[in-house]
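These notes are about the structure you will find just below.
A quick note: this is a predicted structure, and the numbers were derived from the prediction, not measured. Side chains are part of it too, since the values below use all heavy atoms of this structure and drop only hydrogens, waters and symmetry mates. Throughout, protein chains are lettered first and strands after them, A, B, ... in sequence-line order, and every chain is numbered starting at 1.
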Amino acid sequence: MINDQPNIDAKLLKPYDPKETEDRIYKMWEESGFFNPDVCIEKGVTESDAKPFSIILPPPNVTGTLHLGHAAMLTIEDIMIRYARMKGYRTLWLPGTDHAAIATQSKVEKILEKEEGKRKNDLGREEFLKRVEVFAQNSHDTIVSQMKKMGTSVDWSREAYTLDEKRNFAVRTAFKKMYDEGLIYRGNRIVNWDPKGQTVISDDEIVYEERKAKFYTFKYSKDFPITISTTRPETKIGDVAVAVNPEDERYQKYVGKTYEIDNFCGGKLTIKIIADKAVEKDLGTGALGVTPAHSQIDAEIATRHNLPTKQVINEYAKMISTNEELNGKKTTEAREIIVEWLKKEGLLEKEEEVTQNISTAERTGGIVEPLPKLQWFINVNKPVPSRDNKSLKELMLEPVRNGKINITPNQFEKVYYNWVENLRDWCISRQIWYGHRIPVWYKGDEIYCGLEAPKEDGWEQDSDTLDTWFSSGLWTFSTLGWPDLNATDLKTYHPTNVLETAYDIIFFWVARMILMSTYILGEVPFRTVYFHGLVRDAKGRKMSKSLGNMIDPLDVIEKFGTDAVRMSLIIGTGPGNDSKMSEDKIKAYKNYANKLWNITRFVLSSTENLKYNPAFNQYKEKEIELIKERDEVLKIITKEMDENKFYLVGDKIYQYTWARFADVIIEESKEIILNGTDEEKLSRKYFLLNTLVDILKVLHPFMPFVTEEIWNLMPVDNKKLLMVEKWPN
RNA sequence: GCGCGAUUAGCUCAGUUGGUAGAGCAACUCAUUUACACUGAGAAGGUCGGGGGUUCAAGUCCCUCAUCGCGCACCA
């Protein structure tokens, strides 16, 4: 075909080719500097006194590559950001990655084991950490290139890492502040010990798995008056009491008595009978063998009744016992030995099959063993003098209750309250190597907490690191220059406008950010929380490697183009709802990108050498009607954008361009342009041209590449990049 | 055990304050080189999970049941 229309670029004569276009456009955006709000002001596309709009990117873990969930997050946030930028806000989207302490470390441990047959102790702390850093760097680089593929308009000049020097300083500063105010303390308490990962984990890092177990009912000895039940007979050598409900008449007469048992599986026990309301009458025999060292509830009961603690299981999930037969045995082996002994002695009364939830560690899969340990905690109940004597719990509840933080969809507010209200002290120390080292030093009995190591000799730093969520909690302000309270970014962009993330980290992260920000800065970290759901496969199943139903964002981008992938992740997906993804759906939006391409070809070829002219006012009646209709659609679109209803807007633009603009308006234009009067022709042509420009603008946040590429080809005077053009009103 | 969500066309989902059920995809019929085949036109497809209630009027509000999914707690 010969290109005989000089104002039509030759590339419009072929179908739209995302592969040829997208990387080139992204480079153009990057080189323009407009991702950086300072450059926008400098170059006059944003007013210097414009209102700020900021989002801090939830930092992806450097444990691998991005999946479709990340792609959805990046798309939603990019839509918010591009919209804000076009609306004239001083718009900052700050990117970063997360060191993800335990997740990254266990990943590298697995690789080390598989590829070299080595364990981390074979390398030593320093050498192992070097390996982790190389791995983290590679993951980081992959993630950055994937983000660029997705079209994310983040300000790379402000990129942060949760474990870099600045963030480490912020972490030390925050820790010291909390320590000095008595909110961080070191205590010997029952913690969740992961024998596989050899570290403590927080309550939230536990994953419950349903398994079949045996429920044994027995007596300690023939003379003992009360029968008890347990699924873990091996812990019973650590029992110090039997607790019953104060209102349980069956056992009243025994309460207060103490029994000496000379031989319970080769050891001695001293059992006191106590009454405690935590015991349920109807569960098991209604009597509970109290094992303070290996059960959270038992430890609480023991504290209330001043009972001793007797540890019988060590860090390797092996037994500690005076009985040689048990000592050093795995808990499962010890269980069998004890059950055999009970049978032999005629003490076992019943053995039932039950299903129980066992606690496993999220990252390693190890079975969690409750153990007494000396660890660091954040006290969530203590009144904070510097915050009107409110506790951290109250500080966390307040802004959500009074609406300073708005959670979308709002059913998550209840979930949040429920979690905060039942929150226990947060265990923040971890016995792993990759992470922020605890800024505490010891010398004999002395303890020092400070930003730097003490000058004198003989001090040794705590070998533990911090829970990764401690540094993540600071993320909204550690990225903006805190602890420098005069930092321009901190003053300009905090509190941030929106936190957009997956709902599954509401406790891990959202709650911890609210805790840190309200305590440290006395202000909320963000005004709106917008939760997106999980991206599932076409059948609604979770994507997983074992099911083989993973969709790699890069694969579908290669096949259909980024714009199509973005649209398919947005449309049909309300906040907080899981969405389903299939290649068919993506393909439909690839067709749409091409439709837009051809609409452009038609409009440009039928308007010859006319230029975009929003000031044109010689419209005929027909076009006046069409403009009214168009502006009504634009008005609704803007309203829904302000309400973050992107799934509705995306579909609305799609509908308007295809079903209305292409199928009806363009079709009838053919007749007008052929046989109309000169005035009618001109009126119609300007309508087509001007409306196409509006479509490109409102579609830009959703499909930034194809719209920017078409914008390139449009006859518009004094053109800037579409990404910094003004949103139509 | 407590709580949350979902249930609308074959599939994925909209449905704003109650006012005659709506889109995309798929399938079906027709058109056939068009700005675009990554196309157009058309037709078909639903007792809105069941039951009850409020109302002139219920997909929408209330009660109840069912199924599915999720969170939290318990797990002696």
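The CZ-P distance, from A:F215 to B:C75, rounds to 10 Å in whole Å. As rounded to whole Å, 19 Å separates atom C1' of B:G24 from atom NZ of A:K590. Computed from coordinates, the A:N422 CG to B:C74 P distance equals 9 Å when rounded to whole Å. Atom-to-atom, CD1 of A:I710 to C1' of B:A35 comes out at 12 Å; the value is rounded to the nearest Å. Following rounding to the nearest Å, A:L423 (CG) and B:A73 (P) show an atom-to-atom distance of 11 Å. When the P atom of B:C72 is taken as reference, atom CD of A:E205 falls 13 Å away, rounded to whole Å. One can place CD1 of A:I297 at 6 Å from P of B:C74, the figure rounded to the nearest angstrom. One can place CZ of A:R601 at 16 Å from P of B:U33, the figure rounded to the nearest angstrom.
Note on A:I571: nothing from the nucleic acid sits closer than 4.0 angstrom, heavy atoms only. Residue contacts shown for A:D504 are absent, as no nucleic acid heavy atom lies under 4.0 Å away. Here A:K587 lies out of heavy-atom contact (under 4.0 Å) with every strand. The residue A:T231 sits close only to the backbone: its heavy atoms come under 4.0 Å of sugar-phosphate atoms, none of a base. Note on A:Y208: a base of the nucleic acid sits closer than 4.0 angstrom, heavy atoms only. Among the heavy atoms of the strands, none lies under 4.0 Å from A:A564. Within the nucleic acid shown, A:V354 has no heavy atom closer than 4.0 Å to any nucleic acid atom. Among the atoms of the strands shown, none is found under 4.0 Å from any heavy atom of A:I228. Contact annotation for A:A659: no contact, since no heavy-atom pair falls under 4.0 Å across all strands.
Considering only the side chain of A:K595, B:G40 comes nearest among B:C38, B:A73, B:G40. The side chain of A:K414 lies closest to B:G3, out of B:C38, B:G3, B:G71. Comparing B:G40, B:A35, B:A76 by their nearest atom to the side chain of A:L283 picks out B:A76. Relative to the side chain of A:S359, the nucleotides B:C38, B:C75, B:A76 differ in distance, and B:C75 lies closest. Closest approach to the A:W658 side chain among B:A35, B:G40, B:A76 is made by B:G40 (side chain taken as heavy atoms from C-beta onward). The side chain of A:S229 has B:A76 as its nearest neighbour among B:C75, B:A76, B:C38. The side chain of A:Q655 sits closest to B:A23 out of B:C25, B:A76, B:A23. Among the nucleotides B:C72, B:A76, B:G40, the one closest to the side chain of A:N418 is B:C72. Side-chain proximity of A:Q411 to the nucleotides B:G5, B:A41, B:U39 is greatest for B:G5. Across B:C74, B:C36, B:G71, the shortest atom-to-atom separation from the side chain of A:F507 is found for B:G71.
You'll find the side chain of A:L713 stays beyond 4.5 Å of the side chain of A:T600, heavy atoms only. For the pair A:F702 and A:D563, the minimum side-chain heavy-atom distance is 4.5 Å or more.
A distance of about 14 Å separates the P atoms of B:G22 and B:U16, rounded to the whole Å. Only the P atoms considered, B:G49 is 14 Å distant from B:A14, to the nearest whole Å. Spacing of P atoms, B:A41 relative to B:G46, comes out at 24 Å, to the nearest Å. Only the P atoms considered, B:A9 is 24 Å distant from B:G18, to the nearest whole Å. For the P atoms, the distance linking B:G69 with B:U12 amounts to 15 Å, nearest Å. Only the C1' atoms considered, B:A27 is 32 Å distant from B:A66, to the nearest whole Å. Across B:A23 and B:U8, the matching C1' atoms stand 13 Å from one another, rounded to whole Å. For the P atom pair drawn from B:A26 and B:C11, the interatomic distance equals 16 Å after rounding to whole Å.
Checked against the 6.0 Å centroid criterion, the rings of A:Y416 and A:F507 do not qualify as a close aromatic pair.
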Before you tell me yes or no, could you show the steps for A:Y589 and A:F560 under ring pair (Phe, Tyr, Trp, His ring centres under 6.0 Å), namely the whole-Å CA-CA distance, both residues' side-chain angles and the distance that decides it to 0.1 Å? CA-CA 8 Å; A:Y589 295 108; A:F560 304 107; over 10 Å; no
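No hydrogens or angles considered: a donor-acceptor pair under 3.5 Å links the side chains of A:E22 and A:T562.
Figure legend: A:R630 and A:Y656 shown without cation-pi pairing, the cationic atom not lying both under 6.0 angstrom from the six-membered ring centre and within 45 degrees of its axis.
Aromatic ring pairs are classed by plane angle as parallel below 30°, tilted from 30° to 60° and perpendicular above 60°; the pair A:W469 and A:F508 is parallel. Using cut-offs of 30° and 60° for the angle between ring planes, the A:F218 and A:Y220 rings count as perpendicular.
In this entry B:A6 has B:U67 as its Watson-Crick or G-U wobble partner, both defining distances falling under 3.5 Å. Base pairing annotation: B:U54 forms no Watson-Crick or G-U wobble pair, as no partner gives both donor-acceptor distances under 3.5 Å. The nucleotide B:C72 finds its pairing partner in B:G1, both defining distances of the Watson-Crick or G-U wobble pair being shorter than 3.5 Å. Across all strands shown, nothing is found opposite B:A27 as a Watson-Crick or G-U wobble partner with both distances under 3.5 Å. Within the shown strands, nothing qualifies as a pairing partner of B:U17 under the Watson-Crick or G-U definition with both distances less than 3.5 Å.
Under a 4.0 Å N-O distance rule, the pair A:E558/A:K19 qualifies as a salt bridge.
Checking A:D651 against A:I666, the closest nucleotide of RNA chain B that is more toward the 5' end is the one next to A:D651. The residue among A:N591 and A:Y647 whose nearest nucleotide of RNA chain B is located toward the 5' end is A:Y647.
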